[in-house]
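Notes follow the structure.
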Amino acid sequence: MTISGYLSEHWGLIIILIGIAITIHSDVHLERRIICKIAFTNALIFLYSVTCYVETYLGNQTEYSILRPILCAVNYSLIVFILVSAIMIMYPTQKRYLLFPAFLNAVLCFISVPTGIVFTISKDNHFGRGTLGYLSYFIAALYMLYLIYSLFRSTRAEKEDYNLMIFLSITSVLCLVMPLFVENSSHWFNITIATDVLLYYVFLLQQFTKRDPLTKLLNRQSYYSDIEKYMNEISAVVAMDMDGLKEVNDTHGHVAGDTALKTLADCFHKAAKHEQRVYRIGGDEYVIICMSTPEKEVNELITRMRENVAKTEYSCSIGYAMKTDNCSIDELYQKADKMLYAEKEQYYIKSGKRR
């Protein structure tokens with residue numbers, strides 16, 4: 001048992017952990033709490049790799065050591081806490097009661113050192129499972145199911161984001177299950193979770209390039225990219241513009257204006273279905289591209305948006321255009337924008353307000 005032996009066994013893991021640490025140290029995009037959670041998960045993964053290495057070494061000895069059952073308790077506890085920490089990275093607003101099963105698992109694992117309720121280490125240094133021998137795996141599986149459920153119910157995820165979500169889910173399940181069937185594979189958990197954390201960190205950074213920071217909708221850059229990418233699938237464009245944003249800013253300040261923009265963004269996003277992508281392309285300008293959507297469903301989308309906005313103190317103007325054979329996406333947007341401004345003119349005429 002040497003440092004060089006540990007490094008040779010976990011070299012890939014150490015490189016990834018150091019890389020993550022260096023990257024998040026200079027990060028200017030993510031919230032401080034997210035960075036702290038990533039750093040904490042890094043530390044747990046590193047600690048788990050060290051305790052696994054030492055416990056494996058002790059397990060290969062002929063003589064029994066009291067340190068081995070203690071390290072087993074630590075390892076089984078860390079597996080679950082690492083998964084919880086990963087969930088907290090992806091969903092930082094989770095309630096603290098999410099930690100309760102992890103603490104319960106840790107308590108039972110350490111009680112097992114003298115009682116053998118979860119695992120036993122015989123006097124001839126052989127490992128055995130107790131009555132609750134699969135407790136840690138069961139609790140970890142529950143966390144995995146919760147994570148997968150949370151990933152796929154995310155309201156801001158676009159269809160291309162699910163590819164990474166599926167990959168993270170599959171690899172996490174595999175690294176959890178494999179130690180049950182393959183000997184000396186516990187270190188797979190370390191490298192897999194570390195890699196998944198790194199990939200999710202890259203995913204978070206990618207979101208900053210494609211989403212509007214205020215409303216979390218797709219941004220103008222994403223709009224231009226998507227109208228080229230989905231050119232043949234787009235069937236309609238819907239344009240939306242808030243009424244009276246300047247008045248809100250002048251009367252109540254820009255914070256109130258930002259609140260209005262976020263509120264409308266939520267109204268539009270809640271109304272949109274899977275093949276209807278919502279963008280904020282300017283100050284109070286929004287657009288939805290509809291793919292393979294007939295006109296009847298486009299009108300239903302607009303109705304849902306109007307109903308959502310009607311529940312707020314704000315209003316907006318909406319226009320749309322259906323794609324024809326000889327119509328470019330830019331021409332489609334111009335037609336929708338023209339309808340929008342005709343509606344906006346009526347708003348200012350009826351309200352008596354100045355534009």
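Checked against salt bridge (charged side-chain N to carboxylate O under 4.0 Å, His left out), D337 has no partners two or more places apart in sequence or in another chain. For E295, the salt bridge (charged side-chain N to carboxylate O under 4.0 Å, His left out) test picks out no residue, with sequence neighbours left out. Residues satisfying the ring-ring contact (aromatic ring centres under 6.0 Å, His included) test with F119, not counting sequence neighbours, are Y76. Residues forming a salt bridge (charged side-chain N to carboxylate O under 4.0 Å, His left out) with R33 (at least two apart in sequence, or on another chain): E31. Scored by the salt bridge (charged side-chain N to carboxylate O under 4.0 Å, His left out) test, E300 finds K296 as partners (sequence neighbours excluded). Here F167 pairs with nothing under the ring-ring contact (aromatic ring centres under 6.0 Å, His included) rule; sequence neighbours left out. Every residue two or more places apart in sequence or in another chain was checked for a ring-ring contact (aromatic ring centres under 6.0 Å, His included) with F46, and none qualifies.
Counting all heavy atoms, side chain and backbone alike, L108 lies closest to I117 at O-CG2, 3.8 Å. Of all non-hydrogen atoms in K210 and S222, the two that sit nearest each other are O-OG, 2.7 Å. Here the closest non-hydrogen pair linking A271 and M305 is CB-CG, 3.5 Å. The nearest pair of heavy atoms linking V238 to Y320 is CG2-CB, 4.0 Å. Closest approach of L301 to Q276, counting heavy atoms only: CD1-OE1, 3.6 Å.
Among residue pairs with one or both ends in residues 52-80, those qualifying as salt bridge (Lys or Arg N to Asp or Glu O under 4.0 Å) are E55-R68; sequence neighbours excluded. Applying the side chain to side chain donor-acceptor pair (under 3.5 Å) test to residues at least two apart or on different chains, the pairs with a partner in residues 100-119 are N105-S136. The ring pair (Phe, Tyr, Trp, His ring centres under 6.0 Å) pairs that include a residue from residues 275-317 are Y223-Y279, F268-Y286, where partners are two or more places apart or lie in different chains. The salt bridge (Lys or Arg N to Asp or Glu O under 4.0 Å) analysis of residues 163-178, with sequence neighbours excluded, yields no pairs. Residue pairs that meet the salt bridge (Lys or Arg N to Asp or Glu O under 4.0 Å) test with at least one member in residues 74-85, sequence neighbours left out, do not exist here.
We find that E285 and K344 are not joined by a salt bridge, their nearest charged nitrogen and carboxylate oxygen being 4.0 Å or further apart.
Aromatic rings from F81 and Y48 are positioned such that their centres are separated by 6.0 Å or more.
For the atom pair CD1 (I234) and CZ (R277), the distance works out to 9.5 Å, reported to the nearest 0.5 Å. Annotation: the span from N75 atom CG to T51 atom OG1 amounts to 3.5 Å, rounded to 0.5 Å.
With hydrogens and angles left out, the side-chain atoms of S317 and D241 include no donor and acceptor closer than 3.5 Å.
Side-chain contact between I14 and Y6: present, with at least one pair of heavy atoms (C-beta onward) separated by less than 4.5 Å.
Shown here is F127, whose CZ atom has more than 12 heavy atoms of other residues, nucleotides or ligands within 6.0 Å.
Under the 4.5 Å side-chain contact rule for hydrophobic residues, Y134 and L145 do not share a cluster. Follow the hydrophobic side-chain contacts under 4.5 Å out from I16 and you reach I22 in the same cluster.
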